[in-house]
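The structure appears right after this line, and notes come after that.
All values below come from the heavy atoms of this structure, side chains included, with hydrogens, waters and symmetry mates left out. Labels below follow one simple rule: chain letters A, B, ... track the order of the sequence lines, proteins then strands, and each chain is numbered from 1.
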Amino acid sequence: MTSKVRARIAPSPTGHLHLGTARTALYNFLFARKEKGDFILRLEDTDQVRSDEKYTDDILDGLRWLGMNWDEGPDIGGAYAPYRQTEKTDHYEQVAHKLISEGKAYFCYATPEELEALREEQKNRNESQRYDNRGRHYSAEEVDKYVKEGRIPVIRFKVEDDRIVSWHDAIKGDIQIHTADIGGDMVIVKSSGIAIYNFAVVVDDIDMKMTHVIRGEDHIHNTAKQILIYEALGVQHPIFAHVPLIVDTDRAKLSKRKHGEAVHILKYRTDGYMPEAMMNYLAQMSWTPPGEKEIFSVEEGCAMFDLSKVSKSHAIFDIKKLNWFNAHYLKSLPLSVVTDRALPFLSDYNLSQYSREKLEAIVSLLRDGIDTLGEIKNVSAFFFNEKIEIPDELGNDLLKKDSSRKVLSKVNESLSQFPWDDAKGCKAIIDGIGKELGLKGKDLYWPVRAALCGCTSGPDLGATLSILGEARVRSRIESLLQPC
RNA sequence: GCCCCCAUCGUCUAGAGGCCUAGGACACAUCCCUUUCACGGAUGCGACGCGGGUUCGAAUCCCGCUGGGGGUACCA
């Protein structure tokens, strides 16, 4: 009888939601949903120095934004609460003491300085750096001496020296790690009394009955350590799956230090990326759905996801591909939705000068030509600003040409005949003027466009005219026809 | 240093020994559509890191090399 699948994401609130965390969360989420299991959110906040509540909010918010929801978590509770490690300190310590009483762990009084010296020595001798397990053999006198000195011990877990830990990774396949390479007996509880990550995760994953642990491949060595703890605790370990890391175009791990805000989901939100695009891009970075289907929603992802099809090799974050996804969703999502999302990016403008209908028309016109909503402010400026800037190269050159002035004069004379509510009709009049003057293509369109938009490329001309309306068009053209 | 993981077009990838003269997508180039631009459509460019095996047959399996990445904490 297989038990219900339980997968989780366990971020630590030491920074904004990271791209890699988001993707790992997504894979856990997709997997849990696909298997009709539970997806759990848990906070690994044992790093007291770096943890911050504001990051917790950012992380939960970011995950929701991407379309994920969880069945249990710090915000909604659940059968296995609490879902924050800092609320389980005593529990971890109890488990650690149980291991001590069974002879599987012990107090170690070595100071950080002593350990540093040990590492230094080993390095000089060109040996691999590892704890020498000295704490296993303290005499009563030694312990007494250290206690009198006021040393506060850590708790170390005994790592068997000559064994191979192996598991079948759901993504990577069989992995074997020799215990000699783990680094000696490992700390499981710091002198502060706080459990160390490798210990707390295991206790939590046991407590919460996790069946699958899907996480970044930077945890592969931790997995070996953790399997040892599962064994000591007499519990069968969950299925592990290590997802390849996301690296940059130089193939280095994405890091705050090197990439700044670009490693955070928040950055993409504020730059005007659609959550649908972000989710879709993240999901397909290391996983291809059957049938080479590139575009898919969270729901479709949930239905199609297959852990065994996740790639083993690293994924390179390619902003161009993300842009393509985003441009796709910008064009295909319902206009009202895109408009709602676009308006905050236009908040510097006086939006009340247009009806909602016209605003939607503007978004509809502009969304074809941009990759992100962040770009909409610039490309829509001529719709909102009272006066537009005409760049010198257009003002001094194109708009000074005889043919250009002819076109503009003619358009100006005909303004009263434009069917202002009909974009195609407006365009037809321009075409008519072109025919009359014997001008076409650039000679015809560019002057009009330049006069209205301040540039020679842009959205559909008829629609632009229609949205701007007679008054704005008239004032822009007339201001250019003034003798200079 | 030691340990682990990985290796197909510039990028993401399909490929589970013959279906592969290696397929798709992004990007790029050209063309078409549009009497401008964008969108859209079509075409093109373009890869199995190297060397050994195994096999009738290898991108696919094995070994070595090289390259890349990750890990080696009283961080997570």
Side-chain angles (χ1 to χ4, degrees), chain A residues 10-15 44-47 49-51 85 108 110-112 115-116 119 122-123 125-131 152-156 169 171-173 175-178 180-183 186-194 196-198 200-201 216-224 242 244-245 247 249-253 281 284-288 290-295 308-309 311-325 327 331 365-370 379 430-431 434-435 439-449 453 455-461:
Chain A
S12 59
T14 52
E44 303 200 327
D45 54 351
T46 54
D47 186 337
V49 183
R50 296 187 299 152
S51 292
Q85 293 186 329
C108 169
T111 63
L115 295 173
E116 182 50 43
R119 275 193 290 268
Q122 290 169 333
K123 197 176 167 186
R125 274 180 280 157
N126 224 345
E127 289 172 9
S128 59
Q129 297 172 36
R130 63 194 308 274
Y131 173 64
I152 301 172
V154 298
I155 300 175
R156 282 188 187 266
D169 194 279
I171 292 174
K172 300 275 188 183
I175 297 180
Q176 301 191 329
I177 290 173
H178 199 104
D181 298 319
I182 281 176
M186 59 185 176
V187 176
I188 54 176
V189 178
K190 303 180 228 180
S191 56
S192 63
I194 308 280
I196 216 110
Y197 163 77
N198 273 319
V201 240
E217 71 174 337
D218 46 343
H219 283 286
I220 284 182
H221 274 71
N222 287 332
T223 297
H242 290 92
L245 264 22
V247 299
T249 43
D250 294 336
R251 288 152 207 273
K253 187 180 175 180
Y281 179 62
Q284 62 81 60
M285 273 186 103
S286 292
W287 168 64
T288 311
E292 294 177 341
K293 183 179 167 73
E294 303 252 22
I295 300 285
S308 71
K309 292 284 185 187
S311 165
K312 290 180 183 181
S313 51
H314 63 207
I316 296 187
F317 186 80
D318 182 7
I319 192 85
K320 285 183 179 164
K321 188 86 178 234
L322 208 210
N323 285 342
W324 175 77
F325 275 107
K331 279 176 283 212
L365 213 49
L366 262 20
R367 66 172 170 175
D368 277 352
I370 56 174
V379 298
I430 298 288
D431 287 341
K435 219 161 233 166
L439 294 168
K440 62 178 183 177
K442 294 174 183 174
D443 291 333
L444 171 63
Y445 297 114
W446 281 16
V448 182
R449 212 180 256 294
C453 315
C455 55
T456 53
S457 69
D460 180 77
L461 193 54

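With distances taken from any side-chain atom of Y197(A) to the nucleotides C26(B), U35(B), A76(B), the minimum falls on A76(B). Distances were taken from every side-chain heavy atom of D218(A) (C-beta onward) to each of C2(B), G71(B), C6(B); the shortest belongs to G71(B). Of all nucleotides listed (C12(B), C26(B), G70(B)), C26(B) comes nearest to the side chain of K320(A).
Residue T46(A) places at least one side-chain N or O closer than 4.0 Å to OP1 or OP2 of A76(B). In this model, the phosphate group of C3(B) is not approached by any side-chain N or O of R130(A) to a distance below 4.0 Å at OP1 or OP2. Here S311(A) does not reach the OP1 or OP2 of C6(B): none of its side-chain N or O atoms lies under 4.0 Å away.
Heavy atoms of H221(A) sit under 4.0 angstrom from at least one base atom. Counting any heavy atom pair closer than 4.0 Å across all strands shown, S191(A) reaches a base atom. Across all strands, A110(A) comes closer than 4.0 Å to base atoms (heavy-atom distances). Across all strands, N323(A) comes closer than 4.0 Å to no nucleic acid atom at all (heavy-atom distances). Within the 4.0 angstrom heavy-atom criterion, no nucleotide atom of any strand lies near D460(A). K123(A) comes within 4.0 angstrom of nothing in the nucleic acid, heavy atoms only. Within 4.0 Å (heavy atoms only), Q122(A) reaches no atom of the nucleic acid at all. Residue G183(A) is out of contact with every strand shown, counting any heavy-atom pair closer than 4.0 Å. Within 4.0 Å (heavy atoms only), V154(A) reaches at least one base atom of the nucleic acid. E217(A) comes within 4.0 angstrom of sugar-phosphate atoms only, judged by non-hydrogen atoms across all strands, and of no base. At the heavy-atom level, K309(A) lies under 4.0 Å from base atoms of the strands shown.
Under the Watson-Crick or G-U wobble criterion, with both distances below 3.5 Å, C20(B) is left unpaired in every strand shown. G64(B) is paired with C50(B) under the Watson-Crick or G-U wobble criterion, all donor-acceptor distances under 3.5 Å. Remark: C45(B) base-pairs with no nucleotide; criterion is Watson-Crick or G-U wobble with both hydrogen-bond distances under 3.5 Å. Across the strands present, G40(B) finds its partner in C32(B); the criterion is a Watson-Crick or G-U wobble pair with both atom distances under 3.5 angstrom. Using N1 to N3 plus N6-O4 or O6-N4 for Watson-Crick, or N1-O2 and O6-N3 for G-U wobble, each under 3.5 Å, C26(B) pairs with G10(B). Remark: G1(B) base-pairs with U72(B); criterion is Watson-Crick or G-U wobble with both hydrogen-bond distances under 3.5 Å.
There is a side-chain donor-acceptor pair under 3.5 Å between Y445(A) and D431(A).
One N or O donor and one acceptor, one from the side chain of K321(A) and one from the base of A25(B), sit under 3.5 Å apart. Applying the 3.5 Å distance criterion, the base of A76(B) shares no donor-acceptor pair with the side chain of D45(A).
Side chains of K293(A) and Q284(A) form no contact here, defined as non-hydrogen atoms less than 4.5 Å apart. By the 4.5 Å heavy-atom criterion applied to side chains, P153(A) and C108(A) are not counted as neighbours.
Stacking between H219(A) and the base of G70(B) is absent under the criterion of ring centres within 5.5 Å and planes under 30 degrees.
Take the nearest nucleotide of RNA chain B for Y281(A) and for K190(A): the residue whose nucleotide is more 5' is Y281(A). Where F317(A) and K172(A) each meet RNA chain B at their nearest nucleotide, the meeting point lying more 5' is that of K172(A).
For the pair K293(A) NZ and A25(B) P, the computed distance is 15 Å after rounding to whole Å. Look at CG on L322(A): it is 14 Å from P on C26(B), rounded to the nearest Å.
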